[in-house]
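Scroll down for the structure; my scribbles are underneath it.
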Amino acid sequence: MPYLSLVVPVYNEEENLPLLFAAIQQVTRSLKKTWELVFVDDGSSDKSLDVLRSLVKSDPQHVRVVAFRRNFGQTAAIAAGIDHSEGEIIVLLDADLQNDPADIPLLLSKLDEGYDVVSGWRKDRKDNAITRTLPSVMANGLISWVTGVHLHDYGCTLKAYRRDALEGFRLYGEMHRFIPVFAHSIGARITEVEVHHHARRFGKAKYGLERTLKVLLDLFTVKFLLDYANKPIYLFGGAGISFIAIGGLTLLYLFLRRTFQNVAVLGSPLFLLAVMFIILGFQSILMGLIAELLVRTYHESQHKPTYTVREVIRSDKRKK
Ligand code: UDP
Ligand code: MG
């Protein structure tokens, strides 16, 4: 089994691939570690797949290609690449040469210091300032604040992971940028290093401003999963109890007014509002209970523990 797996998602990058491969060969030669390179062709419509085939031919010992039936998106491509890789260390990078393979040794040296995740930071980013870099800076700040995992650049694909930091969670939608956050939630040690970034020379960027919106929506899901995936009733029940309390206090106010000021309860729009809040409150608590059932189904049907163990320490002398 190789020590290092390089995982590269590819979507219409025919001109970039040979250059990328040359750059990768150059660094891996200097690394003196066993390695493999897993390309995932994400349903490219140009000649990318043919180029990848020829790369496998030219270096069958190291190169492997997973070809999707259609375009499933960068996150799916990354997930498939990880699933098909075997190395103890996984390094993700883009196929478009915007990430520089020459930074890989730096990432690996950080892993050797005892980190489980090393995140690349494109400090000097070479993308369109208004549609990409600026929204990305804001999104990064928000993610860092909301999740409590403090990184400058979640969106940078170039990151290195110890395989066990990736176990226990799957990636949906556009969520590859949240891998460090999930890894953190299972107890991984995380750091970041500045990496080089180059402007795209060939091919087109596949994303624009709309991506920021998806990231924001994903952030809701991630925050919910992080804080409540094992105890949804705390969220739904908390909201439910607050709604019932608001409704109850409003009703109390209406009845007091009825008693002391002789104002009809039913005549006030507040009455309707109070009843609505109370119904909403009970609904919310019931939803929380259903969510609790789902949590149990999730963990117990798949024998997934609700914790992660780094190691078990015990003495060999213990009697069997
Ligand atoms: N990519 C992919 N599937 C897609 C879109 C992109 O596999 O549907 C790959 C693409 O080939 C590249 C990486 O994901 O290797 C990043 O894409 P891009 O350079 O367009 O994103 P940016 O660098 O602008 O964030
Ligand atoms: Mg790019």
Side-chain angles (χ1 to χ4, degrees), residues 5-24 37-52 55 63-85 90-104 119-140 143 151-159 171-180 195-216 218:
S5 294
L6 302 169
V7 171
V8 183
V10 178
Y11 182 52
N12 295 346
E13 310 279 5
E14 54 183 6
E15 297 105 324
N16 290 312
L17 293 170
L19 298 170
L20 176 73
F21 185 60
I24 287 176
L37 173 55
V38 183
F39 285 109
V40 182
D41 176 60
D42 187 10
S44 298
S45 51
D46 66 355
K47 300 222 164 51
S48 293
L49 189 55
D50 297 334
V51 178
L52 291 176
L55 291 182
V63 186
R64 181 183 317 196
V65 174
V66 180
F68 279 178
R69 286 184 187 278
R70 66 165 172 86
N71 179 245
F72 283 94
Q74 190 184 354
T75 299
I78 286 173
I82 293 172
D83 289 343
H84 283 83
S85 69
I90 297 167
V91 171
L92 304 181
L93 73 162
D94 283 342
D96 57 2
L97 290 167
Q98 291 200 272
N99 294 140
D100 196 333
D103 287 319
I104 293 172
S119 169
W121 170 18
R122 298 164 293 180
K123 195 165 184 190
D124 184 15
R125 190 170 166 178
K126 304 283 194 317
D127 277 321
N128 186 312
I130 298 190
T131 58
R132 302 301 305 279
T133 308
L134 190 70
S136 151
V137 167
M138 294 195 291
N140 283 319
I143 297 173
L151 295 179
H152 285 92
D153 195 355
Y154 296 87
C156 177
T157 310
L158 183 58
K159 295 186 190 330
L171 302 172
Y172 298 88
E174 292 279 336
M175 290 218 185
H176 61 270
R177 70 188 55 244
F178 293 106
I179 299 176
V195 295
H196 297 95
H197 193 244
H198 306 287
R200 221 181 218 281
R201 279 189 291 159
F202 306 106
K204 281 203 274 297
K206 275 90 197 170
Y207 306 104
L209 197 57
E210 81 291 345
R211 173 173 240 204
T212 317
L213 202 70
K214 292 187 185 162
V215 170
L216 285 183
D218 281 342

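Numbering of ligands and ligand atoms starts at 1, following listing order.
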- Task: Check whether any side-chain N or O of Ser44 sits under 3.5 Å from a backbone N or O of Leu49 as a donor-acceptor pair, and report yes or no.
- Result: no
- Message: Between Asn140 (side chain only) and His152 (backbone N and O only), is there a donor and an acceptor less than 3.5 Å apart?
- Response: yes
- What atoms of ligand 1 come closer than 4.0 angstrom to any heavy atom of Asp94? 13 (C), 15 (O), 16 (C), 23 (O)
- Atom name of the N, O or S atom in Asp96 that lies nearest to the Mg ion (ligand 2): OD2
- Fit a plane to each ring of His198 and His196, take the angle between them on a 0 to 90° scale, and name the class: parallel (under 30°), tilted (30 to 60°) or perpendicular (over 60°). parallel
- Examine Asp127 and say whether one of its N/O/S atoms is closer to the Mg ion (ligand 2) than 2.8 Å. no
- Of all protein heavy atoms, the one nearest atom 3 (N) of ligand 1 is Asp42 OD2, 2.5 Å
- ligand 1 atoms in contact with Asp96 (distance to a heavy atom under 4.0 Å): 18 (P), 19 (O), 23 (O)
- Item | Protein contact to atom 1 (N) of ligand 1 [nearest heavy atom, distance to 0.1 Å] | Tyr11 CB, 3.7 Å
- Task: Decide whether Arg125 and Ser136 meet the rule of one side-chain donor and one side-chain acceptor closer than 3.5 Å.
- Result: yes
- For atom 20 (O) of ligand 1, find the nearest protein heavy atom and state the residue, atom name and distance (0.1 Å precision). Lys206 N, 2.7 Å
- In ligand 1, the atoms that come under 4.0 Å of a heavy atom of Glu13 are 10 (C), 11 (O), 12 (C), 15 (O)
- Item | Asn71 neighbourhood, listing ligand 1 atoms whose heavy-atom distance to it stays under 4.0 Å | 3 (N), 4 (C), 8 (O)
- Do Phe202 and Leu19 come close enough that some side-chain heavy atom pair is under 4.5 Å? yes
- Message: Show me which atoms of ligand 1 lie under 4.0 Å from any heavy atom of Ala205.
- Response: 20 (O), 24 (O)
- Taking the minimum heavy-atom distance to atom 18 (P) of ligand 1, which of Arg200, Gln98, His176, Arg177 ranks first? Arg200
- Message: Do Thr157 and Asp94 pair up side chain to side chain, a donor and an acceptor below 3.5 Å, judged on atom types alone?
- Response: yes
- Of all protein heavy atoms, the one nearest atom 5 (C) of ligand 1 is Tyr207 OH, 3.2 Å
- Within Thr157, is some N, O or S atom less than 2.8 Å away from the Mg ion (ligand 2)? no
- Item | Nearest non-hydrogen protein atom, atom 9 (C) of ligand 1 | Pro9 O, 3.8 Å
- Look at Arg200 together with Glu15 and state whether they make a salt bridge at an N to O cut-off of under 4.0 Å. no
- Query: When rounded to the nearest 0.5 angstrom, what distance separates CG in Asp46 from CG in Asn12?
  - Reply: 4.0 Å
- If you measure from CZ on Arg211 to OG1 on Thr131, what distance do you get to the nearest 0.5 Å? 12.0 Å
- min-distance protein heavy atom vs atom 22 (P) of ligand 1 -> Arg132 NH2, 3.8 Å
- Query: From Leu52 CG over to Lys47 NZ, what is the distance, rounded to the nearest 0.5 angstrom?
  - Reply: 13.5 Å
